[in-house]
Amino acid sequence: MRSDIIKKGYQKAPHRSLLRATGLKDGDFNKPFIGVANSYIDIIPGHFFLNRYAQIVKEEIRKAGGVPFEFNTIGVDDGIAMGHSGMLYSLPSRELIADSIETMMNAHSLDAMICLPNCDKIVPGMLMGALRVNVPTIFVSGGPMKAGKLEDGTILDLNSAFEAVGAFGEGKIDEKRLYEIECNACPSGGSCSGMFTANSMNTLCEAMGVALPGNGTILALSQEREELLRKAARRIVEIALSSEKTEQFRFRNILNVKAVHNAFVVDMAMGGSTNTILHMLAIAKEAEVDFNLDSINAIASQVAHIAKIAPALSTIHMEDIHRAGGVTAVMNEVAKRDCVLKLDALTITGETLGERIANAKITDSEVIRHNENAYSQVGGLKILYGNLAREGAVLKVAAVAESMKEFEGVAVCFNSQDEAIKGIAGGKVKAGNVVVIRYEGPKGGPGMQEMLAPTSMIMGMGLGESVALITDGRFSGATRGGCIGHISPESAEGGVIALIEDGDRIAISVSRGTLELLVDSAVLEARRAKWKPIKKEIKSKWLKRYSLLVSNAANGAVLKTEL
């Protein structure tokens, strides 16, 4: 066992002495040591109950013949961090989480691991760390929360609360209605109930085979979710007790080029958050898999968009997907198109992906459609290119109204999200505008803030089908509308987005996959000659280091390891 280095031989008497102080007995030193990477955090709705889930996992590991060692990671709740400087720490936290997994597992030479994430960057951070450690690892998320509901039957989610702010500001709803939405949008623990980033990533863990079936859709705080935890604990010990299985199920044998491909296929079929592109590019780099934005567009052209979930369709949430057959049913339907899914990919449960999904069925074709009557015959995410996005930009086509898929408008520029929020609230944005929010990329932000506040304000003001928004920042998975993010190169590195002026015309074409600034190249060169990047004052030592080392969004916003 890998852990023998800390527990076997006479030289390790001091090590065993320390381990005995934690409660280990003689018989424990012949058992596999299993890391339980827990992201329990009181302030995050998807995480405050994970301490109880860790207890379930540890008890089951002990019953199965292993020794569990729980440790924790940090986490940021994007909804709570939204709209103020706290959001600067959101994306950077992914790197700290990956580093903490690598540090804990390698410093103590543990044999295998169960990861208990739930929200946004915590899932990809743990995936990146697990790839570095490369021991057998199973992911079990905390699960999605139930959708909320008003007394009149209106279905709610977190996005409803953000959009209600814009509606209240415009006088479309009163304070009583705003308060009612606030109190009911998030009715229980769990990751926010739509196909936002957290549930997108937990769904993709199923597609990649690193989680058990149901990981992305079984509700949080349910008996079914607790049984999933127990199954995962028994399986990880079964693997760790066998040297042959330990070698077979090393994490890189599961999360490889086939798994990354399958993740993007499912992402397209379900119209996941645009953040999944950012995170999956980073995960692919950790897995040493050659995936880029061009590869993603190629996959999108082959995959039908068969499931619309909030925010794309406000009445459908993760609990509905589970009832309709779950992610396995989505994959089974997608697989009916030849060669779209890599069905021979190995999963952590021992079967191939094809074997796992063979008997899955769609039980509600209004929730999960068949290929023939898909929402679209191409995937729900699109990479756009053009003089404004030479290295690419990302659009969640699944959440865009048809009227916005071919759009030309007049630029209104803001050099930060805070400026944009004030400008939108102050009436600077009108129908026919393209809102430009820049210097919010990974380097320029720093930290690539999410833009849910300004996009929700635009929606709440009734401008969702007449105003587009482009940014080198990113969007919450709850964002909907003509919102294009991840523009690369970003403003801070001299991207064309930095040269836009108020009144310029910008053209967006989903059918052609283009994002163009309609300004003569000679004019742009003259502007570039005068351009000086805006340098934000960065007080945080961590964010200063991050800004110096981070790549742009087209490269996954990963940190350089070579200078």
Side-chain angles (χ1 to χ4, degrees), residues 35-41 44 46-47 50 69-78 81 88-110 112-142 197-198 200-202 204-205 208 210-211 250-252 254-256 259-260 263 273 275-289 291 442-443 445-448 474 540-543 545-553 555-562:
V36 179
N38 191 3
S39 54
Y40 157 69
I41 296 155
I44 304 180
H47 293 246
L50 293 183
F69 290 99
E70 181 183 358
F71 61 92
N72 285 80
T73 70
I74 64 164
V76 172
D77 185 293
D78 282 8
L88 297 174
Y89 292 90
S90 173
L91 184 59
S93 73
R94 186 187 72 185
E95 312 309 309
L96 296 177
I97 292 163
D99 289 347
S100 67
I101 295 286
E102 177 187 358
T103 299
M104 286 299 300
M105 290 296 294
N106 284 347
H108 304 101
S109 295
L110 304 182
M113 179 167 54
I114 283 189
C115 287
L116 300 177
N118 213 18
C119 295
D120 210 333
K121 295 80 40 210
I122 298 156
V123 183
M126 285 188 170
L127 287 165
M128 291 162 70
L131 281 162
R132 297 178 195 172
V133 176
N134 198 28
V135 299
T137 301
I138 300 178
F139 276 67
V140 192
S141 78
T197 306
S200 296
M201 289 307 306
N202 290 328
L204 298 193
C205 284
M208 291 186 287
V210 301
R250 284 186 180 275
F251 201 63
R252 286 175 175 267
I254 309 293
L255 209 174
N256 54 22
V260 172
S273 162
N275 280 323
T276 57
I277 303 291
L278 188 73
H279 295 321
M280 285 306 305
L281 287 173
I283 290 162
K285 286 184 183 295
E286 286 286 359
E288 299 176 343
V289 168
F291 253 84
K443 185 176 291 293
M448 204 178 184
R474 63 195 180 105
S540 161
K541 292 181 180 180
W542 161 225
L543 293 181
R545 291 200 309 274
Y546 183 84
S547 180
L548 291 170
L549 295 173
V550 72
S551 69
N552 66 27
N555 290 286
V558 296
L559 298 186
K560 299 174 186 174
T561 54
E562 303 288 340

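Position 1 is the first residue of the sequence, and the numbers go up from there.
The shortest non-hydrogen separation linking Val140 to Ile114 is CG2-CG2, 4.5 Å. Nearest heavy-atom pair across Gly556 and Ala282 is O-CB, 3.7 Å. Pairing each heavy atom of Ser273 with each of Ser200, the nearest pair is N-OG, 3.1 Å. In this structure, Ala112 and Met105 approach most closely via the heavy-atom pair O-CE, 3.5 Å. Residues Ile122 and Pro117 approach most closely at CG2-CB, 3.9 Å, considering heavy atoms. The two residues Pro124 and Met201 make their nearest non-hydrogen contact at CD-CG, 4.2 Å.
Between Met104 and Val133 there is no side-chain heavy-atom pair separated by less than 4.5 Å. Contact check for Ile97 versus Met126: side-chain heavy atoms found under the 4.5 Å cut-off. Side-chain contact check for Lys285 versus Asn555: some heavy-atom pair is nearer than 4.5 Å. The shortest side-chain heavy-atom distance between Val135 and Leu110 does not fall under the 4.5 Å cut-off. Side-chain atoms of Leu91 and Tyr546, non-hydrogen and from C-beta on, do get closer than 4.5 Å to each other. By the 4.5 Å heavy-atom criterion applied to side chains, His279 and Met128 are not counted as neighbours. Here the side chains of Phe71 and Met113 are in contact, with some heavy-atom distance below 4.5 Å. Within the 4.5 Å cutoff, the side chain of Val558 has heavy atoms near those of the Arg94 side chain.
At a threshold of 4.0 Å, the pair Asp99-Arg132 counts as salt-bridged, since one of the basic side-chain nitrogens sits closer than that to a carboxylate oxygen.
Test Val260, Asn275, Val289 against Met280 for side chain to side chain contact (heavy atoms under 4.5 Å, CB included) and you get one pass: Val260.
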>> Would Val123 and Leu204 count as a side-chain contact (heavy atoms from CB on, under 4.5 Å) here? Give the steps.
In response: CA-CA 10 Å; Val123 183; Leu204 298 193; over 6 Å; no
>> Quick one, Glu95 with Leu549, criterion side-chain contact (heavy atoms from CB on, under 4.5 Å). Give me CA distance, side-chain angles, the key distance, then yes/no.
In response: CA-CA 11 Å; Glu95 312 309 309; Leu549 295 173; over 6 Å; no
> Would Thr137 and Val210 count as a side-chain contact (heavy atoms from CB on, under 4.5 Å) if you check the C-alpha gap in whole Å, the side-chain angles of each, and the deciding distance to 0.1 Å?
Replying inline: CA-CA 7 Å; Thr137 301; Val210 301; over 6 Å; no
>> Using side-chain contact (heavy atoms from CB on, under 4.5 Å), reason through Asn118 and Ile44 one step at a time and then give a plain yes or no.
In response: CA-CA 10 Å; Asn118 213 18; Ile44 304 180; over 6 Å; no
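Rounding to the nearest 0.5 Å places CG of Leu127 at 10.5 Å from CD of Glu286. With values rounded to the nearest 0.5 angstrom, Ile74 atom CD1 is found 11.0 Å from Ser39 atom OG. For the atom pair CD1 (Ile101) and SG (Cys115), the distance works out to 4.5 Å, reported to the nearest 0.5 Å. Between the CG atom in Leu543 and the OH atom in Tyr89 there is a gap of 4.5 Å [rounded to 0.5 Å]. Rounding to the nearest 0.5 Å places CG of Asp120 at 9.0 Å from CG of Asp77. To the nearest 0.5 Å, atoms CZ (Phe139) and CE (Met208) are separated by 8.0 Å.
Residues Ser90 and Arg474 bring a donor and an acceptor atom of their side chains to less than 3.5 Å of each other.
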